[in-house]
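All remarks here apply to the structure that follows.
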Amino acid sequence: MLFAFSVAPTTATESGSVSAAVADALRVVRASGLPYELTSMFTTIEGEWDEVMPVIKAACDAVATHSPRVSLVVKADLRPGYAGQLTEKVARVEAQLADD
């Protein structure tokens, strides 16, 4: 299963940056040992419900050290029985594009 999430503090630095808070959230994701991918807007983690949800909560807790209020968006692809989809889904689309 894939879980894409975006977590950010509702307050930012004077420049508007939230990168320090996001970096703290990503440290939590890395420490989990689960496969993940960071993009400019989301972090996608692959794993089962019981593995991923505590990681997302801990990432929110890490961001909460930067701000008294945290914003969280989660999108999930719940497809039990499939692993390696973090890269396989992209590879299937790229294979379609190779035919162009």
Spacing of [atom1] belonging to [X] relative to [atom2] belonging to [Y], to within rounding of 0.5 Å:
{"X": "L34", "Y": "L86", "atom1": "CG", "atom2": "CG", "value": "10.5 Å"}
{"X": "S32", "Y": "E51", "atom1": "OG", "atom2": "CD", "value": "8.5 Å"}
{"X": "Y36", "Y": "T43", "atom1": "OH", "atom2": "OG1", "value": "8.5 Å"}

Check: [Y] and [X] side chains under 4.5 Å, non-hydrogen atoms:
{"X": "F3", "Y": "T44", "value": "no"}
{"X": "D77", "Y": "Y82", "value": "no"}
{"X": "P80", "Y": "M1", "value": "yes"}
{"X": "F42", "Y": "V73", "value": "yes"}
{"X": "L2", "Y": "K89", "value": "yes"}
{"X": "V70", "Y": "V7", "value": "yes"}

Where V63 and A21 come nearest, the two heavy atoms and their spacing: CG2-O, 3.5 Å
Which heavy atom of V28 sits nearest a heavy atom of A59, and at what distance? CG1-N, 3.8 Å
Among the clusters formed by ILVMFWY side chains lying less than 4.5 Å apart, do [X] and [Y] turn up in the same one?
{"X": "L72", "Y": "V18", "result": "no"}
{"X": "L38", "Y": "V90", "result": "no"}
{"X": "V55", "Y": "F5", "result": "yes"}
{"X": "M41", "Y": "V74", "result": "no"}

Side-chain donor or acceptor of T10 paired with backbone N/O of R69 under 3.5 Å: yes
Does any N or O in the side chain of E46 come within less than 3.5 Å of the main-chain N or O of G84, such that one atom is a donor and the other an acceptor? yes
Would you mind listing every salt bridge (charged side-chain N to carboxylate O under 4.0 Å, His left out) that reaches into residues 18-45, with sequence neighbours excluded? D24-R27
Who are the side-chain hydrogen bond (donor to acceptor under 3.5 Å, both in side chains) partners of R92, not counting sequence neighbours? Q85
For residues S17 and S19, is any side-chain donor paired with an opposing acceptor at under 3.5 Å? yes
